[in-house]
K.L.:
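Please see the structure below; I have some questions.
Fair warning: this is a prediction, and the values are worked out from it, not measured in the lab. Whatever order the structure lists them in is the order used to number ligands and atoms, beginning at 1.
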Amino acid sequence: MRIVPWHEGGLDLLRRTNAPEMMVHLGGPESEEKLLDRHRRYLLLEAAGPGRMFLVELAGGGGPAGTIGYWEREWGGATVWETGWSVAPEFQGRGVATAAALAVAEAAARDGRHRFLHAFPSVENPASNAICRKAGFTLVGPCDLEYPKGRALRCHDWRLDLGDVTGLGSNDPA
Ligand SMILES: CC(C)(COP(=O)(O)OP(=O)(O)OC[C@H]1O[C@@H](n2cnc3c(N)ncnc32)[C@H](O)[C@@H]1OP(=O)(O)O)[C@@H](O)C(=O)NCCC(=O)NCCS
């Protein structure tokens, strides 16, 4: 597994993974217009920051298998990094998202701008909460977010101290 900078191939992955079962914790499938907007925002974030968006690619090719990134959020009176991930159904259950989370933590740690990386999975998303735990995040507690806009989401606030991260993950093809 490796994470690569977001590129034009990301739009096809966004379309492929815009299925009800993939979007159950993310507010449901998005319109084509929203997907295009998301793709353009990810290209821009990757190009200009602050933060980065990546596609997750598996050894042996076959195109992008997932998405991950980190971006800024105001949280608890400070600016922190936030991360989020998705893996296409045919690649799930093999540790891909966990490996990608470790790799993105390394990328955020190298960036050096903020000390903490947070993830906010829905309290009802056991796989995503398991990824946080396995990637070394500490559970801060439950919280309420608005995601997508206009929809209340009960989450777990997980936090990783990037000062502890160097050497944790690998971005080498596996
Ligand atoms: C969440 C998601 C990224 C997981 O991807 P993945 O590559 O299958 O995840 P991994 O294989 O790295 O690990 C998932 C872990 O969750 C565990 N898990 C999966 N489903 C679970 C469930 N229903 N209950 C408890 N644990 C579960 C797995 O057992 C695994 O832990 P293990 O290795 O100790 O067995 C993927 O399901 C997805 O893209 N879902 C839709 C989008 C989404 O919800 N994104 C998260 C937004 S915060």
K.L.:
Under the rule for salt bridge (charged side-chain N to carboxylate O under 4.0 Å, His left out), what residues qualify as partners of R15, not counting sequence neighbours?
P.N.:
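R15 satisfies salt bridge (charged side-chain N to carboxylate O under 4.0 Å, His left out) with E32 once adjacent residues are dropped.
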K.L.:
Could I get the full list of ring-ring contact (aromatic ring centres under 6.0 Å, His included) partners for F120, not counting sequence neighbours?
P.N.:
W75, H118
K.L.:
For E146, does the CD atom sit with more than 12 other heavy atoms under 6.0 Å from it, leaving out its own atoms?
P.N.:
yes
K.L.:
Using a 4.0 Å cut-off on heavy atoms, what residues surround ligand 1? Order them by chain and number.
P.N.:
M22, L26, W85, S86, V87, Q92, G93, R94, G95, V96, A97, T98, P121, N125, P126, A127, S128, A130, I131, K134
K.L.:
Once the angle between the rings of W85 and F137 is folded into 0 to 90°, is it parallel (under 30°), tilted (30 to 60°) or perpendicular (over 60°)?
P.N.:
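Geometry flag for F137 against W85: perpendicular rings.
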K.L.:
Does atom CZ of R151 have more than 12 heavy-atom neighbours from other groups under 6.0 Å away?
P.N.:
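Not more than 12 within 6.0 Å, no.
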K.L.:
side-chain hydrogen bond (donor to acceptor under 3.5 Å, both in side chains) with R113: which residues, sequence neighbours excluded?
P.N.:
D111
